[in-house]
Amino acid sequence: MYLDRLEFKNDVFIGVDPRCRMGVGVCLILSSITISHSLILGGLVLGLGFCLIRDISTALLRLIPVNLFVLFLWLTLPLGGIGLRDALKEALVYTLRINAAALTYMAAIIPLGAGGLANALVKFRCPAKLTALFLLTYRYIFVMYERVFISLRAMLIRQPRQNTRERWASYTAVFGTALVGAVLRAQKTGKAMEARGFNGVIPVTRNFSWKRRDTLFLGAGLFLSSGLRVLDRFLAGTSWNF
């Protein structure tokens with residue numbers, strides 16, 4: 001859930017109950033990582049990409065680190081003692097699985113934002129302190145990122161000539177200062193929250209009302225996730241199993 005340029009501006013499933021979106025998203029992710037037919041996975045990736053078409057540039061930027069990890073599979077699977085064709089087939093299947101799961105997460109869950117996701121977790125009876133920890137950690141990651149980014153920019157502008165050792169020492173000082181500052185700020189924030197009566201429970205800040213479209217969305221999502229697995233098993237025993 002990035003901010004600024006990597007934040008999704010359009011939500012194709014706006015208005016759908018967050019609990020329903022989380023349930024459908026989890027079911028589709030679990031189905032996508034168990035499918036072994038490349039044609040089904042490719043169709044699923046294309047369909048999810050179409051859902052994110054208005055934010056496709058943001059989705060592609062988010063997929064870069066995902067596929068950098070996948071690149072290691074393409075480099076290492078051929079070294080595993082199996083044939084080159086089988087290794088490339090396995091790498092393709094894993095690549096499509098990972099991208100399908102990531103796109104499902106982007107389409108169904110990420111647009112909820114940290115606040116919407118925290119509200120849904122509370123409604124799902126998730127441990128209250130775990131939900132609060134998630135929300136506060138999400139916020140503080142970006143506080144630390146902003147502190148480190150500004151410090152690095154200032155260092156690059158003002159730094160004198162340095163050799164490699166001195167430069168890495170400067171980077172160490174920047175990250176160490178940011179970490180110490182984060183700890184001190186966290187302590188101050190915790191004391192301020194306790195002084196205001198915070199008991200570790202994030203209150204629900206939105207109203208939840210299950211509607212007909214939520215039922216239809218949930219039914220369609222469950223039908224799709226189960227249908228894909230049935231289709232995968234059917235095609236596995238036919239000549240279309242590539």
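With N67 contributing its side chain and L63 its backbone, the two residues share a donor-acceptor pair below 3.5 Å. Looking only at distances, a side-chain donor or acceptor of R213 sits under 3.5 Å from a matching main-chain atom of G15. Remark: the backbone N or O of D17 is paired with a side-chain donor or acceptor of D214 at under 3.5 angstrom. Without hydrogens or angle criteria, S226 side chain to F223 main chain gives a donor-acceptor distance under 3.5 Å.
Annotation: the span from L228 atom CG to L28 atom CG amounts to 7.5 Å, rounded to 0.5 Å. Atom OG of S31 sits about 5.5 Å away from atom CZ of R229, to the nearest 0.5 Å. How far CG of L103 is from CG of L46: 10.0 Å, rounded to the nearest 0.5 Å. The distance from atom CZ of R233 to atom OG1 of T34, rounded to the nearest 0.5 Å, is 8.5 Å. Taking CG of L121 as the start and CZ of F134 as the end, the distance is 6.5 Å to the nearest 0.5 Å. D232 CG to S36 OG: the interatomic distance, rounded to the nearest 0.5 Å, is 4.0 Å.
Under a hydrophobic-cluster definition in which Ile, Leu, Val, Met, Phe, Trp and Tyr are linked whenever side-chain heavy atoms come within less than 4.5 Å, directly or via other members, I110 and F124 are assigned to the same cluster. At a threshold of 4.5 Å between side-chain heavy atoms, the hydrophobic network of Ile, Leu, Val, Met, Phe, Trp and Tyr places L231 and L30 in two separate groups. Residue L41 is grouped with residue F69 when hydrophobic side chains (ILVMFWY) are merged at heavy-atom distances under 4.5 angstrom, including chains of intermediate members. By the rule that hydrophobic residues join a cluster once side-chain heavy atoms approach within less than 4.5 Å of another member, V26 and V16 end up as members of separate clusters. F50 and V45 fall into different hydrophobic clusters, where Ile, Leu, Val, Met, Phe, Trp and Tyr are joined by side-chain heavy atoms under 4.5 Å apart, directly or via other members.
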**Message:** side chain to side chain contact (heavy atoms under 4.5 Å, CB included) for L222 and V24? Distances and angles first, verdict last.
**Reply:** CA-CA 7 Å; L222 295 178; V24 171; 5.6 Å; no
**Item:** Worked check of side chain to side chain contact (heavy atoms under 4.5 Å, CB included) between K9 and T58
**Value:** CA-CA 9 Å; K9 306 299 182 182; T58 302; over 6 Å; no
**side chain to side chain contact (heavy atoms under 4.5 Å, CB included) assessment of C20 paired with W210** = CA-CA 9 Å; C20 181; W210 194 271; 3.7 Å; yes
**Intermediate values then yes/no, side chain to side chain contact (heavy atoms under 4.5 Å, CB included), H37 and L96** = CA-CA 10 Å; H37 201 285; L96 293 174; over 6 Å; no
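Here the side chains of F234 and V230 are not in contact, with every heavy-atom distance at 4.5 Å or above. With a 4.5 Å cut-off on side-chain heavy atoms, K123 and P18 do not count as touching. Looking at heavy atoms from C-beta onward, L48 lies out of side-chain contact with M106 at the 4.5 angstrom threshold. L136 has its side chain within reach of M193: a pair of non-hydrogen atoms, C-beta onward, lies under 4.5 Å apart. Residues L216 and K211 are not in side-chain contact: their nearest non-hydrogen atoms beyond the backbone lie 4.5 Å or more apart. Within the 4.5 Å cutoff, the side chain of L44 has no heavy atoms near those of the I40 side chain.
The two residues F13 and A108 make their nearest non-hydrogen contact at CD1-CA, 4.5 Å. In this structure, A118 and T131 approach most closely via the heavy-atom pair O-CG2, 3.5 Å. Across I56 and G49, no two heavy atoms sit closer than the pair CD1-O, 4.1 Å. Looking at every heavy atom in both residues, I109 comes nearest to R21 through CG1-O, 4.4 Å. The shortest non-hydrogen separation linking A100 to S32 is CB-CB, 4.0 Å. Shortest non-hydrogen contact noted between V148 and A178 is CG2-CB, 3.5 Å.
Counting non-hydrogen atoms of other residues, nucleotides and ligands closer than 6.0 Å to CG of L68 gives a total above 12.
Ion pairing between D55 and R62 fails under the 4.0 Å rule for side-chain N and carboxylate O.
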